[in-house]
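On a predicted model such as this, the values are computed, not experimentally measured, just so you know. No hydrogens, no waters, no symmetry mates; every other heavy atom, side chains included, goes into these values. Just so you know, ligand 1 is whichever comes first in the structure, and atom 1 is the first atom listed for that ligand.
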Amino acid sequence: MNAKRVVVFTGAGISTESGIPDFRSPGGIWERFDPEDFTYQRLMKSPESRKKWWRVFQERGLTTEAEPNPAHLAIAELDRLGKLDCVITQNIDSLHQKAGLPDDKVFELHGNMRWVVCLNCGKRYPVEQIKARLDEGEEIPDCEACHGILKPNMVLFGEMLPEPVLKEATHRSERADLFIVIGSTLIVYPAAYMPVYALDAGAKLVIVNLSPTPVDNQATVLIRAKAGEAMPKVIQRVKEKVRAV
Ligand code: NAD
């Protein structure tokens with residue numbers, strides 16, 4: 001593999017083999033929940049809507065006990081081989097870091113579930129701390145310091161993406177010479193612009209996804225297989241190439 005700047009872009013599909021359902025596949029999250037209930041505006045609306053909000057989060061499991069699968073591990077291996085520039089992810093499950101990638105190599109466009117933040121003073125709480133309060137019977141946890149509204153550190157519908165993360169992810173995409181998409185429908189924007197930026201700048205595109213994406217026809221390699229099965233084979237090929245050099 002001659003590529004110098006490999007950027008991996010991941011969506012919910014990379015984590016389905018870790019037991020976290022994606023949004024749009026059959027049996028996905030949108031068949032069981034109404035997206036309208038999870039908007040930023042709904043969270044801000046009233047204590048009553050916040051109560052419902054936290055109840056759903058508590059039931060769905062605020063902390064993810066999921067473990068990385070062979071696809072996450074393969075990407076971490078790519079990094080150990082010195083072949084990874086960064087991962088840009090739409091996921092909030094932090095499984096890339098759990099697989100061994102350092103925080104500064106993972107750009108979480110939609111935030112994560114590790115922290116809960118106060119919208120008033122910015123104080124951050126580990127999610128386990130808030131979960132413990134919910135488990136003890138608190139219905140609407142608020143900030144201990146200023147009683148402000150708390151929100152998991154993930155981007156909700158109707159909310160802006162974190163600007164510095166989006167800026168750096170855009171920059172890395174534009175500099176990539178190989179851009180690998182894994183497990184994304186590529187229809188959630190602005191995240192889905194990343195492969196377009198990479199293509200426009202001349203990068204080669206590899207897609208590993210079970211269903212079609214809008215940029216399939218621009219891919220140099222299109223792998224219609226499960227990420228957890230395909231990625232270890234891809235890494236094996238990279239290793240052989242690295243050894244042969
Ligand atoms: P999506 O649900 O729209 O699409 C997932 C894609 O992955 C589909 O095209 C599907 O065919 C494919 N897929 C499913 N399992 C696969 C597998 N094992 N191997 C290869 N491909 C597989 O997901 P998206 O495009 O990432 O966008 C939805 C939004 O959902 C994102 O913004 C993300 O923030 C959020 N989300 C995150 C998580 C998570 O953190 N794990 C889970 C659900 C949704």
Side chain or backbone of [X] under 4.0 Å from ligand 1, or both, or neither, by non-hydrogen atoms?
| X | value |
| --- | --- |
| T16 | side chain |
| D93 | both |
| V188 | side chain |
| S15 | side chain |
| Q90 | both |

[X] neighbourhood, listing ligand 1 atoms whose heavy-atom distance to it stays under 4.0 Å:
| X | value |
| --- | --- |
| K226 | 19 (N) |
| N91 | 37 (C), 38 (C), 39 (C), 40 (O), 41 (N) |
| G11 | 26 (O) |
| G183 | 5 (C), 6 (C), 7 (O), 21 (N) |
| P21 | 42 (C), 43 (C) |
| E17 | 17 (C), 18 (N), 19 (N) |
| A225 | 19 (N), 20 (C) |

Apply the side-chain contact (heavy atoms from CB on, under 4.5 Å) test between V221 and each candidate in I180, V208, V234, V206; give the one that qualifies.
V206

Could you check whether [X] pairs with [Y] (Lys NZ or Arg NE/NH1/NH2 to Asp/Glu carboxylate O, under 4.0 Å)?
| X | Y | value |
| --- | --- | --- |
| D85 | R172 | yes |
| E77 | R80 | yes |
| R114 | E108 | yes |
| K131 | D135 | yes |

Give every residue pair that meets the side-chain hydrogen bond (donor to acceptor under 3.5 Å, both in side chains) criterion with at least one member in residues 143-164, sequence neighbours excluded.
D142-H147, K151-E159

Sequence neighbours excluded - side-chain hydrogen bond (donor to acceptor under 3.5 Å, both in side chains) pairs with any residue from residues 223-235
D216-R224

W54 and E139: which non-hydrogen atoms are nearest, and at how many Å?
CB-O, 3.8 Å

Search all heavy atoms of Q90 against all heavy atoms of G11 and return the closest pair with its distance.
OE1-CA, 3.8 Å

Option whose closest heavy atom lies nearest to [atom], chosen from [options]:
| atom | options | value |
| --- | --- | --- |
| atom 12 (C) of ligand 1 | N209, I223, I182 | N209 |
| atom 31 (C) of ligand 1 | M113, H110, M231 | H110 |
| atom 4 (O) of ligand 1 | T213, I207, T185 | T185 |

So is there a nitrogen or oxygen of V208 less than 3.5 Å from a nitrogen or oxygen in ligand 1?
no

Carefully, step by step, assess D79 and K105 under the rule salt bridge (charged side-chain N to carboxylate O under 4.0 Å, His left out).
CA-CA 9 Å; D79 187 41; K105 282 222 167 170; 2.7 Å; yes

